[in-house]
> 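Once you've had a glance at the structure underneath, I'll fire off some questions.
None of the values given here were measured: they were computed from a predicted structure.
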Amino acid sequence: MSRIKTAAVALATLTALALGASPAVAAGDRDTAQPVPRPKTCNASGGAFFCGGDYGDGKTYVTLSDGTKQLFVIGTDFNVWTTWFPPKGGQAPWMSLGGDHDFANKVKITNRKGNAFTIGARSFTIGADLNRDRDAGGNWGYWWTRAVPRG
């Protein structure tokens with residue numbers, strides 16, 4: 001009798017592990033959904049990021065008033081990463097812009113006013129653009145979407 005119980009517990013455990021092995025598939029869509037294909041990976045400026053398809057060349061640049069060029073990419077963790085290149089100096093270390101996101105396209109720059117601007121990219125999960133504002137002093141606000149107004 002204990003062998004039957006042991007076999008049943010083992011089968012239940014294996015079944016649970018198999019069902020949980022595909023994080024890209026929603027729980028209700030396991031029978032019909034296909035995992036999202038992983039985009040092509042490119043490398044530049046010491047970082048790996050997504051490119052091709054909706055990611056284009058993967059790189060978005062902004063030139064600030066002092067001549068600094070700031071680069072934005074979607075890293076292989078699907079989050080926005082940035083680095084910058086001062087006119088008289090080397091490259092700054094890569095910095096994540098935080099959050100736990102799943103961006104599906106190249107970073108866009110909008111609402112540019114001098115050194116202040118907004119970055120944005122489409123989220124797989126919510127199906128809408130997530131945005132983040134940078135003020136003229138280089139300070140970043142929180143991630144927001146038009147689906148949920150700021151306030």
> Got Cys42 and Tyr55 here, is their nearest side-chain heavy-atom distance under 4.5 Å?
no
> Kindly compute the distance separating NZ (Lys59) from SG (Cys51), expressed to the nearest 0.5 Å.
9.0 Å
> If you measure from CG on Leu71 to CZ on Phe49, what distance do you get to the nearest 0.5 Å?
7.0 Å
> For residues Ala136 and Ala116, report the shortest heavy-atom separation together with the two atoms involved.
N-CB, 3.7 Å
> Tell me whether Trp84 shares a hydrophobic cluster with Trp94, the cluster being built from Ile, Leu, Val, Met, Phe, Trp, Tyr side chains joined at under 4.5 Å.
no
> For residues Thr41 and Ala48, report the shortest heavy-atom separation together with the two atoms involved.
CG2-CB, 4.0 Å
> Looking at Asn79 and His101, what are the two nearest heavy atoms and their distance?
OD1-N, 2.8 Å
> Verify, without hydrogens or angle tests, whether Arg132 (side chain) and Arg134 (backbone) share a donor-acceptor contact under 3.5 angstrom.
no
> Testing Arg146, Lys106, Lys108 one by one against Asp129 for a salt bridge (Lys or Arg N to Asp or Glu O under 4.0 Å), which residue passes?
Lys108
> Do Phe72 and Tyr61 belong together in a cluster built from hydrophobic side chains that touch within less than 4.5 Å?
no
> Please check if Leu130 and Trp81 belong to a single hydrophobic cluster, counting links between Ile, Leu, Val, Met, Phe, Trp and Tyr side chain heavy atoms closer than 4.5 Å.
no
> To the nearest 0.5 Å, what is the distance between CG on Asp102 and CZ on Arg122?
11.5 Å
> Indicate, with yes or no, if Val80 and Ile126 share a hydrophobic cluster defined by side-chain heavy-atom contacts under 4.5 Å among Ile, Leu, Val, Met, Phe, Trp and Tyr.
yes
> Using 0.5 Å steps for rounding, measure from the CG atom of Asp135 to the CG atom of Asn115.
9.5 Å
> Would Asp133 and Thr118 count as having a side-chain donor-acceptor pair, cut-off 3.5 Å?
yes
> Could you state the interatomic distance from CD1 (Ile119) to OG1 (Thr82), rounded to the nearest 0.5 Å?
7.5 Å
> Less than 4.5 Å apart, any side-chain heavy atom of Gln70 and any of Leu64?
yes
> Are Val73 and Phe50 grouped together when hydrophobic residues (ILVMFWY) are joined by side-chain heavy atoms under 4.5 angstrom apart?
no
> Can you see which heavy atom on Ile74 is nearest to which on Asn105, and at what distance?
CG1-O, 3.3 Å
> Mind checking the NZ-OG1 spacing from Lys69 to Thr63? Nearest 0.5 Å is all I need.
5.0 Å
> Quick one: sort the Trp140 and Phe117 rings into parallel, tilted or perpendicular, breaks at 30° and 60°.
perpendicular
> Considering only heavy atoms from C-beta outward, does the side chain of Trp143 approach that of Leu97 to under 4.5 Å?
yes
> Is Gln91 reaching over with its side chain to a backbone N or O of Thr83, donor-acceptor style, under 3.5 angstrom?
no
